[in-house]
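To start, the structure under review is shown below, and the notes come after it.
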Amino acid sequence: MSAADTTTPAKVPPPRQAPPPAAADRPRRNRTSGGAATPWLLLAPCLLILALVMAYPLVRLVTLSFQKFGQPQLWGFQGAEWVGFSNFTKVLSDDEFWSVVVRTIVFAAGCVILTMVIGMALALLQQRVSGWVKTLINIALVASWGMPVIVATTVFKWLFDSDYGILNALLSKLPGVELIGHNWFASGPQGLAVIMLLVVWGAVPFVVITLSAGLTQVPKEMEEAARLDGAGAWGVFRYVTLPILKPVLVMLTTLSVIWDMGVFPQVFVMRGGHPEAEFQILNTYSYDRAFVVNDYAQGSAIALITVLLLLGVVAVYMRQMLKIGEVE
């Protein structure tokens, strides 16, 4: 018997047939559609609540801004009359309105700058103090953050009171300083500076806590390498810490601008419910036109312009975040 007769021929496996495309794609499509719908299902309760709470007031605000609506219309003696862009024309052609806009921008810019600078300084300080000092700082921050705005405003009114304010008494103990009886609210700039301190005092805790969390993500190796390369404290902060904290800083700055341009109770309560002309900012000015002058349509127009300004800030924020995402 030859070797050719004893060798078993190799069996060639039959070719595998690919499954039909429709059968292979059907489960994938089902999974994709279900996965895309899940986030919207989870967000549905929150979106429904937001629509119920905000949809009607926003629609009513837009509607009033295009109508003539005062006390006669409020009490039903006359019907609301559509006037188109007349309210916006009156507002935008009013010099007082533009003075309020400039005052609001300066006030918000001052609050944001002070909040971010003080917040960053305290956050950096917390990285260099002992544990018990850090605990005391956190307790003070949480206490100031959790204090109601009305209570904080009352405290600041007492601190800066012209007759019994503790600040005037303490400053008057300095050589050559006499501030007993000094009224901090006699002029707009001084009074707004006091209100600015009140806003910053309430906003700093959130910034410090957020930046402290962000600083924990800065690699110590990178800081040590920068020091070995000859960088000082400012160099390490500028070239290592700031680039890593940039997304957090952009978020905090944008939120601070939105919050500080929307300040209302601090000014309203500090001035006893009747802010003078030199203390008016956009929110109080809108309230004054609507509920003091009883021109609800013009007050709505001012409020809508404020909303559009804030939407511009949000657009800038989204653009910056998209740029940061592209870089990363």
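Predicted, not measured: the structure shown is a model, and the values here were computed from it.
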Which residues share a side-chain hydrogen bond (donor to acceptor under 3.5 Å, both in side chains) with [X], sequence neighbours left out:
X      : value
Trp201 : none
Gln73  : Gln78
Asn138 : Gln126

Task: Glu224: partners by salt bridge (charged side-chain N to carboxylate O under 4.0 Å, His left out), with sequence neighbours left out - done: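 With sequence neighbours excluded, Glu224 shows a salt bridge (charged side-chain N to carboxylate O under 4.0 Å, His left out) to Arg227, given in chain and number order.
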
Open item on the list: Can you pull out every side chain to side chain donor-acceptor pair (under 3.5 Å) where at least one residue sits in residues 170-198? Sequence neighbours excluded, please.
Closed with: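 Matches after skipping sequence neighbours: Asn168-Trp184, His182-Gln190.
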
Open item on the list: Can you pull out every salt bridge (Lys or Arg N to Asp or Glu O under 4.0 Å) where at least one residue sits in residues 56-82? Sequence neighbours excluded, please.
Closed with: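 The answer is none; no pair qualifies.
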
- [ ] Would you list the pairs meeting salt bridge (Lys or Arg N to Asp or Glu O under 4.0 Å) in which at least one residue belongs to residues 262-276, sequence neighbours left out?
- [x]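 Passing the test, one end in residues 262-276: Arg271-Glu276.
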
In residues 150-160, what donor-acceptor pairs under 3.5 Å come from side-chain atoms, sequence neighbours left out?
| residue | atom | partner | partner atom | Å |
| --- | --- | --- | --- | --- |
| Thr153 | OG1 | Val149 | O | 2.7 |
| Thr154 | OG1 | Ile150 | O | 2.8 |

All N/O donor-acceptor pairs, side-chain side in residues 101-109, below 3.5 Å, sequence neighbours left out:
| residue | atom | partner | partner atom | Å |
| --- | --- | --- | --- | --- |
| Arg103 | NE | Glu278 | O | 3.3 |
| Arg103 | NH1 | Ala277 | O | 3.3 |
| Arg103 | NH1 | Gln280 | O | 2.7 |
| Thr104 | OG1 | Val100 | O | 2.7 |
| Thr104 | OG1 | Leu282 | N | 3.0 |

Task: Selection residues 38-60 - residue pairs positive for ring pair (Phe, Tyr, Trp, His ring centres under 6.0 Å), sequence neighbours left out - done: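 Counting only pairs at least two positions apart or across chains, no ring pair (Phe, Tyr, Trp, His ring centres under 6.0 Å) contact touches residues 38-60.
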
Open item on the list: If the condition is ring-ring contact (aromatic ring centres under 6.0 Å, His included), which residues does Phe88 pass it with, not counting sequence neighbours?
Closed with: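 Partners of Phe88 under the ring-ring contact (aromatic ring centres under 6.0 Å, His included) test: Phe66.
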
Return a table of donor-acceptor pairs under 3.5 angstrom between the side chains of residues 254-263 and protein atoms on other chains or two or more places apart.
| residue | atom | partner | partner atom | Å |
| --- | --- | --- | --- | --- |
| Thr254 | OG1 | Val250 | O | 2.8 |
| Ser256 | OG | Leu252 | O | 2.8 |

